[in-house]
There are 2 protein chains.
Amino acid sequence: MSSVDEQVPGRRARLRAQTTAEIKAIALKLMADGGADAISLRAIAREMGMSGSAIYSYFETRDALITTLINDVYTSLMDQVEAARDACRPDDAANRILAWGQAIREWALANPQGFRLIYGDPVAGYQAPEGGPAPEAAKRACLGLTGLVAATWPHSQSLQAGGDHQWSDFAPTLVATVRDAFPDLPPAALALALRVWGRMHGLIALETYGHLGPQTHEPAKLYRAEMIDLIRSLGLEQPK
Amino acid sequence: MSSVDEQVPGRRARLRAQTTAEIKAIALKLMADGGADAISLRAIAREMGMSGSAIYSYFETRDALITTLINDVYTSLMDQVEAARDACRPDDAANRILAWGQAIREWALANPQGFRLIYGDPVAGYQAPEGGPAPEAAKRACLGLTGLVAATWPHSQSLQAGGDHQWSDFAPTLVATVRDAFPDLPPAALALALRVWGRMHGLIALETYGHLGPQTHEPAKLYRAEMIDLIRSLGLEQPK
DNA sequence: CACGGAAATTGAACGCCGTACAAGAAATGG
DNA sequence: CCATTTCTTGTACGGCGTTCAATTTCCGTG
C-alpha cells in the first residue's frame, strides 16, 4: 500500500495495459458468438462496468480496436500454423505442407469468426490502414508458404505450368524478404507459393462461410484430398 | 387517363412490382459504393422520397431484402458464367473450364461488393434462411462445375489422388440432380467438382478481399497460371 | 502532508440505424 | 357514392459510434 514497490514500469501504465487487454478479451468474446459486427464499444463498456465513452481513452475509434484485433488474431493463427509445420521434420516437405494446410483449416473451424475477421469483411466499411499490421501477418503467411515451396524447388518447377513471372510482379518488401531467406529462388516460386495459398484458402473459405455444408457432409475428406493432390502436384511422395 | 386501360394483370400489382424493383436497384447502388452494410432501409426510402417505414410494405425486414439481393446477384453471376462457358464449343473442355474460371474472376472484379455479398459475410448477424434461394444458386454453380468435370471423366480420375467418396457424403438433392444429369458419374467426380470450385474460389476471394494486392501486382497472371495448372491436372491439353 | 496538475472517467447530446404501430390518405370494387 | 382494402406517414423505442465539457481519481512534488 505504500513504500516504493516496483513502480519501475509505471503503475499507471500497467493498469492501462490491463484494461486494454480486458477490452480486447471481451471484444473477442463478443465476436466469438455474434460475429465481428457484434463488437460494439458500448457493449464492451457495459460488460466492464464502465461508461461508453471511457473506451475512447484506449482506442481512438472502433476501427482501431478492430485493427488491433485483426493483428492479434492473425498473429495467433500464424503462431499455431508455424508450430504445426515445425512439428514435422524439416526434411519432410510433404508432411510439412500437409500440416500447414490442416492447421489453417482446424484453426478456422475452431475460430470461424476469427477467420472471417482476418480474411473476410471485418466490418461495416472498414478500411485496412495502408501498410498496417495485417499486411505484416499476411506477409508472414506468404513467406512461410514460400519456404514450403522452396523445399520442393526446383523439383516442383518442372511440374508447374508457370507464366513468365518477374520479381517486379511482387511487392518490393516481400521480394526483399524472400530473396534474403532464399537467395537462389526464382520469382516463379513466389508465384507458386501464392497459388498454394489460394488453393488452401478456397475450400476453407467456402466451408467457413457455409457454402460447402449444403453440398457435402465430408468437408474434411474433401480438403484432405485437395491437400494430397496439391502435394503431389509439387512432385512429392504421398505423406503418411 | 380514363377508360379501362389494360388492367388485366392488375394495375396495383404492377406498381407494386415496379416499386419493389426500384428498391432493389437503389439497394444495389448503395451496395456498389459502400458495401452491403451501406444498405439501409432508411437511406433507400430517403433516396426514393418516401417515408422510412414505407419499405416494410415491400420487404418484411432488412434481412429479407438482403436475401432477395443475394438471390438476384448470385443468379446474375451464374447467368454470366454459364454464358461464358457456352461461348466455347461443347467438346472443348479445356477452354470451357478456363472460360468458367475467368468469368467468375472478371465478374468478381467488376462487382466486388456483389462477390462479398454472395460469398462473404453478407451483413451483421445475417443468417441464411434454411434451404432458401442462395443454396439453389450455389447448387447451380456446383452442378455446372460437375458438368465441366464430367467432360473430362474418367480421363481425369486416374490423375487424381481421390479419397473414397460415397454418394452419402453429399447432399441428397444435389446427388439426385447430378445423377439425373450424368447417370454414370461416380461420387468421386462430384468431389472433384467441389475441389475445382474451391480452387477457383481461393485466389479470387483473396484478391477481392485485398489480401493479394499487397503481395503481387499481377493477380491476373497468377490466376491464369492456376487455371492452366488446374486444367492440366484434369489431363486436358493446354487451351489456346 | 497537502496540493496542483495530469490522467481517467462520466453523462449528456447528436445523428444514424432497424423495427413497430397506430393513424391517416389513396385507390379500388360494388 | 361509399365501404373496404391497400398503401403511406409520423412517431416512438432502443442501440449504435462518436464528441465534448465537466468531473472524479490518482500521482509526483513542494
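Residues satisfying the ring pair (Phe, Tyr, Trp, His ring centres under 6.0 Å) test with A/His201, not counting sequence neighbours, are A/Phe115, A/Tyr119. Every residue meeting the salt bridge (charged side-chain N to carboxylate O under 4.0 Å, His left out) condition with A/Arg140, not counting sequence neighbours, appears here in chain and number order: A/Asp79, A/Glu82. For the side-chain hydrogen bond (donor to acceptor under 3.5 Å, both in side chains) test, residues two or more places apart in sequence or in another chain that qualify with B/Thr173 are B/Lys139. Annotation: side-chain hydrogen bond (donor to acceptor under 3.5 Å, both in side chains) contacts of B/Glu226 (sequence neighbours excluded): A/Arg195, B/Arg199. A search for salt bridge (charged side-chain N to carboxylate O under 4.0 Å, His left out) contacts involving A/Glu106 returns nothing, not counting sequence neighbours. Residues that satisfy the salt bridge (charged side-chain N to carboxylate O under 4.0 Å, His left out) test with A/Glu47, not counting sequence neighbours, are A/Lys29.
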Exercise for review: Would you mind building the protein contact string for nucleotides 12-17 of chain D? One character per nucleotide, 5' to 3', B for base within reach (heavy atoms under 4.0 Å), S for sugar-phosphate only, - for untouched.
Suggested key: B---BB

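For the pair A/Ile66 CD1 and D/dT18 P, the computed distance is 10 Å after rounding to whole Å. If you take CZ of A/Arg14 and P of D/dC27, they are 10 Å apart, rounded to a whole angstrom. Across the protein-nucleic acid pair, B/Asp63 atom CG and C/dG18 atom C1' stand 10 Å apart, rounded to whole Å.
Sorted pairs that involve residues 208-219 of chain B and meet salt bridge (charged side-chain N to carboxylate O under 4.0 Å, His left out), not counting sequence neighbours, are lacking altogether.
Judged by distance alone, the side chain of B/His211 and the main-chain N or O of A/Ile118 form a donor-acceptor pair under 3.5 Å.
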Identify the pairs formed between an N or O of the protein and an N or O of nucleotides 6-10 of chain D at a distance under 3.5 Å, and give each distance.
| unit_1 | atom_1 | unit_2 | atom_2 | d |
| --- | --- | --- | --- | --- |
| D/dT6 | O4' | B/Arg12 | NH2 | 3.4 |
| D/dC7 | OP1 | B/Arg16 | NH1 | 3.3 |
| D/dC7 | OP2 | B/Arg16 | NH1 | 3.2 |
| D/dT8 | OP2 | B/Tyr58 | OH | 2.9 |
| D/dT9 | OP2 | B/Ser51 | N | 2.7 |
| D/dG10 | O6 | B/Ser53 | OG | 2.7 |

